[in-house]
Number of protein chains: 2
Amino acid sequence: MTIYDISEKAGVSIATVSRVLNGSNNVSEKTKKKVLDVINQYEYTPNAFARGLGLNTMKTIGIMCADSSDLYLAKAIYYIEQKLRANGYDSILCCTGYDLATKASSMNLLITKKVDGIILVGSNFIYEKEEDNKYITDASAQVPVMLLNAAMDAPNVYSVVSDDFTSMYDATMEMIRSGVEDILYFYNSTSYSGKKKLAGYRAAMEEKGLLTNGSFLQLYQGSHEDIPAMADQLKKLHAKGISFHGVIAADDSLALGALKYGREMGLRIPEDLSIIGYNNSMLVSCCDPELTSIDNKLETLCQHLITTLMGVLEGNEMPKKTVFSGELVKRGTTK
Amino acid sequence: MTIYDISEKAGVSIATVSRVLNGSNNVSEKTKKKVLDVINQYEYTPNAFARGLGLNTMKTIGIMCADSSDLYLAKAIYYIEQKLRANGYDSILCCTGYDLATKASSMNLLITKKVDGIILVGSNFIYEKEEDNKYITDASAQVPVMLLNAAMDAPNVYSVVSDDFTSMYDATMEMIRSGVEDILYFYNSTSYSGKKKLAGYRAAMEEKGLLTNGSFLQLYQGSHEDIPAMADQLKKLHAKGISFHGVIAADDSLALGALKYGREMGLRIPEDLSIIGYNNSMLVSCCDPELTSIDNKLETLCQHLITTLMGVLEGNEMPKKTVFSGELVKRGTTK
DNA sequence: TTGAAAGCGCTAACAC
DNA sequence: GTGTTAGCGCTTTCAA
């Protein structure tokens, strides 16, 4: 069933059918109804390819994320996908993994598919070396690129980020204020946002004269789902004689690892060990005591990101970078 | 850059370029190289719309899931998306929510986009009433429809499921064998797979003559992320005077809710309360003690689903329904 | 082994 | 308010 069939059955030209299809005003109510009737009768739907060929847009946005099974990223995808649809756009999802080459080729693939824009979810898409970010600027030459929780200054690239530095700074300050001074920083990523978080912790510790040598920075490199491995890492640290009464984690799962460590060592929480997590995910309430965590307002970020993208696609001038504040949500793992 | 530009620069016709592009044999090595050189030089990539117009396929599979922020579904999506890409297919993701009308319209949208197949992730897409499943058979008239963890007997619909009945039956038997007889069944879904699970529990209880009135079946209807609410529901039950020493949950998050309940009531786990979860997700290890749970081999299911889909798309005869066995993974919440 | 040309189904500029 | 027609970029016969 094509537009020709419809035009024939309705006794009009294909142009008229097309006008009806696209909601043009220049059609009389009578013919409009006539055409619509035929369309409904035959359950006709226009061919998206043909439409795309002419318009060179498919009303589709490419979403890239490293790993959709990561709680935080999954949630972001959920929000983004919904809000896109509300705006009449579809989404193609690409789970790229953490390898640069794969990211670059996924990007190309999306461009090939003629997406109207690309959203990079998570900060791991931005690299230290400028040349490693070339795949992004290459893409942004074709379509707008949106970064969620990452930032990059380049034409046609827009960033929406949570103020991780301040969130971490505030959280650290709060813990110090509560009387804990030997605070371990437990993290798993040195991405854009990872660095901001770390810097926030350092700034607070330094300000209070508590910054010691590197052993209070613990980088975890295992699977983001393997809580026991996280706990083990802290246990090894303890065995080495390094003691701490506070843990600030860059992710809720790491905080759970710290909690598990505390339990296994027979520590009282939060008296012997205070813990703060990050993301305020569902994980905060699945443990005992419940986790104090930083809420970085993911839904707000996503909403703003989509609003910005829609603005860009309509040709409006939009802010290149937007920063939202996080919020510390206190629960049982802090005093 | 179009095929015309390339043909001009290479000094051949567009047909020859097209042949090179599509790996036809009927091109001399010399012209092939000539064309390839130009293509590489200009970083030309064919326009997917134009190609799709002629071929009427975009090498794209539609994935529908109710909620990509659900741990289990997110993981499934991750596997599926990766395996599709490995087969040269892209995916369009639609998070439909749990409303039938939205599901149906998402389905239409995917058909409109000319996807080559549709994968329904999760059992909530199948309804009791046959007429409510019409949107599936409508779609399967156009493209193959794959069901993950749901089953339906219709032309061009293929099902890959975990044997939830047996898994639950075995788990229940195991708990009874360990000496626990007052076992509460805690569930949140009456979907296809939800029913199978429930039936497994019932069958085991009945066989042992332990089936009592309905109060041992607890349906939770809140958010899948709200562990405290799950615990509360059990607390209310307890307050009503209903006692139980075992909980079998249809999902790990519900099991965590039971665990939280146990803690708050001061029960020893597993001595006073045994708990078994379902899915063997990352949640099993984030609590203390760790959760005994049923592994339903999600990655295997996904792999098989994709293999089947690829077979169908190639025109091969493929199995309409495949069933895999789950496995009880014992941890600290059971004796 | 190669080229010419006819679609694929739609949109939009232009003519009436 | 409606119709005619020229593309959009590619694949695929059919001829040569």
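To find a chain, count down the sequence lines: A is the first, B the second, and so on, and within it residues start at 1.
Base engagement by Asn26(A) is indicated by at least one non-hydrogen atom pair under 4.0 Å involving a base atom. Contact annotation for Tyr4(A): base contact, defined as any heavy-atom pair under 4.0 Å involving a base atom.
For Thr16(B), the side-chain atoms get nearest to dT2(C) when compared with the rest of dC10(C), dC10(D), dT2(C). Here the nucleotide nearest the side chain of Ser13(B), chosen from dG1(D), dG3(C), dC8(C), is dG3(C). When distances are taken from the side chain of Tyr44(B) to each of dC10(C), dT2(D), dC10(D), the shortest belongs to dC10(D). The listed nucleotides are dG9(C), dG3(C), dT11(D); the one nearest the side chain of Val12(B) is dG3(C).
Atom CG of Asn25(B) is separated from atom P of dT1(C) by 9 Å (rounded to the nearest Å). The CD1-C1' distance, from Ile3(B) to dA4(C), rounds to 14 Å in whole Å. Look at CG on Leu53(A): it is 17 Å from P on dA6(D), rounded to the nearest Å. One atom, CG of Asn47(B), and another, C1' of dT11(D), lie 13 Å apart when rounded to the nearest Å. Following rounding to the nearest Å, Met1(A) (CE) and dC8(C) (C1') show an atom-to-atom distance of 16 Å. Atom CG of Leu21(B) and atom C1' of dT11(D) are 10 Å apart (whole Å). Across the protein-nucleic acid pair, Arg51(A) atom CZ and dG7(D) atom C1' stand 17 Å apart, rounded to whole Å. As a whole-Å value, the separation of Phe49(A) CZ from dG7(C) C1' is 16 Å.
The closest donor-acceptor contact from the side chain of Lys59(A) to the backbone of Asp90(A) lies at 3.5 Å or more, if one exists at all. Of the possible polar contacts, none joining the Lys114(A) side chain to the Thr57(A) backbone as a donor-acceptor pair under 3.5 Å is found. When atom types are taken as modelled, the side chain of Asn156(A) and the backbone of Gln142(A) share no donor-acceptor pair closer than 3.5 angstrom. At distances below 3.5 Å, not a single donor-acceptor pair connects side-chain atoms of Asn87(B) with backbone N or O atoms of Tyr89(B). With hydrogens and angles disregarded, no donor-acceptor distance shorter than 3.5 Å links the side chain of Asn149(B) to the backbone of Gly122(B). Using modelled atom types, one side-chain atom of Lys103(B) and one backbone atom of Asn124(B) make a donor-acceptor pair closer than 3.5 Å.
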Set out, in order, the CA-CA distance, both residues' side-chain angles and the distance that settles salt bridge (Lys or Arg N to Asp or Glu O under 4.0 Å) for Glu81(A) and Arg85(A), then state yes or no. CA-CA 6 Å; Glu81(A) 204 270 345; Arg85(A) 189 107 43 76; 2.6 Å; yes
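Other residues, nucleotides and ligands contribute only 12 or fewer heavy atoms inside 6.0 Å of the CD atom of Glu128(B). Within 6.0 Å of CG on Asp153(B) lie no more than 12 heavy atoms contributed by other residues, nucleotides or ligands.
With hydrogens and angles left out, the side-chain atoms of Asp5(B) and Tyr44(B) include no donor and acceptor closer than 3.5 Å.
At dT2(D), one or more side-chain N or O atoms of Thr31(A) fall inside 4.0 Å of OP1 or OP2 (strictly under the cut-off). Contact between the side-chain N/O atoms of Thr2(B) and the OP1/OP2 oxygens of dC8(D) is not found at any separation under 4.0 Å.
Each end of the helix from dT1(C)-dA16(D) to dC16(C)-dG1(D) gets its own axis from five base pairs, and the two axes differ in direction by 40°, given to 10 degrees.
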Filtered N/O pairs between nucleotides 12-16 of chain C and protein, under 3.5 Å:
none

